[in-house]
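What you see is a predicted model; the values in this text were computed from it and never measured. Order of the sequence lines sets the chain letters (A, B, ...), proteins ahead of strands, with each chain counted from 1.
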Amino acid sequence: MVPLVYYLALAVVMFVLGALGVLIRRNVLVIFMALELMFNAANLAFIAFSRYYQIIDGQLFVFFVMTVAAAEVAVGLALIVAIFRTRNSLDVDVMNTLKG
Amino acid sequence: MSLGLMIFLPIAIIAVCSAIGLLASRNTIYAALFLIINFVTISILYFILGAPFIALAQITIYAGSIMVLFLFVIMLIGTEKLPRSNALPWQKPAAITLSSLLLIECAVLIYKQAAKPTGWPELTQYMTSPTEIGLGLFNQYLLPFEITSIILLVAVVGAIYLTRPERIRKKPENQREER
């Protein structure tokens with residue numbers, strides 16, 4: 001097996017790409033997907049360390065992250081649909097007021 | 001090149017390339033499909049790391065249900081192409097500079113750690129069995145488990161509330177217009 005560092009490097013690259021996606025894209029759905037990418041990078045680091053230290057708690061945390069991410073996606077996509085109905089756009093630059 | 005590296009390297013390259021494809025693709029559906037590729041490759045890495053339960057949960061929850069939800073919403077609203085805007089012209093270079101700084105910083109930290117010898121301990125039955133995950137969930141992490149169930153319930157109710165039809169919400173205004 002390759003050393004732990006390789007897995008951490010992959011997790012770091014994926015996290016940075018996710019952060020870059022949140023910053024440079026303006027389509028709110030793509031921003032949301034980049035967020036999922038960042039979750040995934042964190043999960044990979046969790047699993048790698050859980051295997052390295054022989055503690056199963058890392059896997060349990062990944063399980064919790066997955067369920068909370070599912071809840072977050074449900075609410076987030078509902079919000080996006082609701083905003084799209086009033087604004088008729090997916091551009092985050094257009095969503096600049098709190099009042100619906 | 002060792003066997004482990006020969007397995008790891010293609011998977012890592014596919015994962016990174018699909019992440020770049022997610023950022024670069026103009027079409028939202030392509031972005032979602034790139035993200036699914038990424039999820040599947042990461043779940044293969046979970047298998048290699050001896051976490052089969054999490055790997056299958058990743059495929060069923062992430063690549064299965066979450067991405068289906070994304071694709072539903074994309075087909076509902078998301079196929080438009082955004083027009084070019086110059087609201088914040090300095091934002092893109094600033095974002096690229098900051099994220100490459102973050103990447104360099106993490107690379108330096110990891111490079112310092114890489115000097116230490118890191119061998120993997122033996123894979124035991126304790127780490128791979130779903131039974132242990134179930135025992136952990138219902139003994140040590142019982143309270144977070146229950147809180148997660150409440151979060152899911154709240155999310156379902158919230159999603160239904162947010163997406164209910166417009167006419168129910170705006171009934172008073174419509175009545176006024178009719179008069």
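The shortest side-chain heavy-atom distance between A/Q59 and A/I47 falls under the 4.5 Å cut-off. The shortest side-chain heavy-atom distance between B/Q58 and A/N40 falls under the 4.5 Å cut-off. With a 4.5 Å cut-off on side-chain heavy atoms, B/L45 and A/L10 count as touching. Using a 4.5 Å cut-off on side-chain heavy atoms (C-beta onward), A/E72 and A/F32 make contact.
Taken to the nearest 0.5 Å, the SG atom of B/C106 stands 10.5 Å off from the CG atom of B/L101. Rounding to the nearest 0.5 angstrom, the gap separating the CG atom in B/L103 from the CG atom in B/L98 is 12.5 Å. Here OG1 of B/T28 is found 11.0 Å from CZ of B/F70. Values are rounded to the nearest 0.5 Å. The structure places CG of A/N27 at 8.5 Å from CD1 of A/I80, a figure rounded to the nearest 0.5 Å.
Interface remark: of the candidates A/M66, A/Q54, A/M14, A/R51, A/R51 forms the most heavy-atom pairs closer than 4.5 Å to chain B. Comparing B/S99, B/G4, B/A57 by heavy-atom pairs within less than 4.5 Å of chain A, the highest count is held by B/S99. Ranked by non-hydrogen atom pairs under 4.5 Å with chain A, the options B/T148, B/I160, B/T124, B/I133 are led by B/I133. Highest contact tally toward chain A, considering only B/A94, B/A24, B/G158, B/S25, is held by B/S25 [criterion: heavy-atom pairs under 4.5 Å]. Across B/I61, B/L102, B/L22, the residue that shares the most heavy-atom pairs under 4.5 angstrom with chain A is B/L22. Contact count versus chain B (heavy atoms, under 4.5 Å) is highest, among A/A48, A/G58, A/A19, for A/A48. In terms of heavy-atom pairs under 4.5 angstrom with chain B, the leader among A/I24, A/L77, A/V75, A/L8 is A/L77. Chain A forms the most heavy-atom pairs under 4.5 Å with one residue out of B/S100, B/S149, B/S65, B/A32, and that residue is B/A32. For the set B/P121, B/G50, B/A31, the entry with the most heavy-atom pairs within less than 4.5 Å of chain A is B/P121. The candidate from A/L37, A/V62, A/V68, A/T67 with the greatest count of non-hydrogen atom pairs under 4.5 Å with chain B is A/L37.
With a threshold of 4.5 angstrom between heavy atoms, B/E132 approaches chain A through its backbone and through its side chain. Looking at B/I20, the atoms closer than 4.5 Å to chain A (heavy atoms on both sides) sit in the backbone and in the side chain alike. Looking at A/Y53, there are no atoms closer than 4.5 Å to chain B (heavy atoms on both sides), in backbone or side chain. Residue B/A107 does not touch chain A at all, counting heavy-atom pairs closer than 4.5 Å. Contacts between B/F8 and chain A at a heavy-atom distance below 4.5 Å involve the side chain alone, from C-beta outward. With a threshold of 4.5 angstrom between heavy atoms, A/L44 approaches chain B through its backbone and through its side chain. B/Q140 touches chain A through its side chain: at least one heavy atom from C-beta onward sits under 4.5 Å away, while N, CA, C and O do not. If you measure heavy-atom distances from B/I48 to chain A, the contacts under 4.5 Å come from both the backbone and the side chain. Of the atoms belonging to B/I7, not a single heavy atom falls under 4.5 Å from chain A. For A/F61, the part lying under 4.5 angstrom from a heavy atom of chain B is the side chain only. In this structure, chain B has heavy atoms under 4.5 Å from both the backbone and the side chain of A/M33. A/L60 touches chain B through its side chain: at least one heavy atom from C-beta onward sits under 4.5 Å away, while N, CA, C and O do not. For a residue to count as touching a neighbouring chain, one of its non-hydrogen atoms must lie under 4.5 Å from one of that chain's; by this rule B/L123 touches chain A with backbone and side chain alike.
The number of heavy-atom neighbours closer than 6.0 Å to CD of B/Q91, taken from other residues, nucleotides and ligands shown, is above 12.
Partner of B/V154 under the side-chain contact (heavy atoms from CB on, under 4.5 Å) criterion, chosen from B/L152, B/V157, B/I151, B/I150: B/I150. Just one of B/I13, B/I36, B/L35, B/N38 meets the side-chain contact (heavy atoms from CB on, under 4.5 Å) condition when paired with B/S18; it is B/N38.
For B/Y141, the side chain to side chain donor-acceptor pair (under 3.5 Å) partners are A/D57, not counting sequence neighbours.
Screening residues 38-67 of chain B for ring pair (Phe, Tyr, Trp, His ring centres under 6.0 Å), with sequence neighbours left out, gives A/F63-B/F53, B/F39-B/Y62.
One hydrophobic cluster, built from ILVMFWY side chains closer than 4.5 Å, holds both B/I96 and A/L17.
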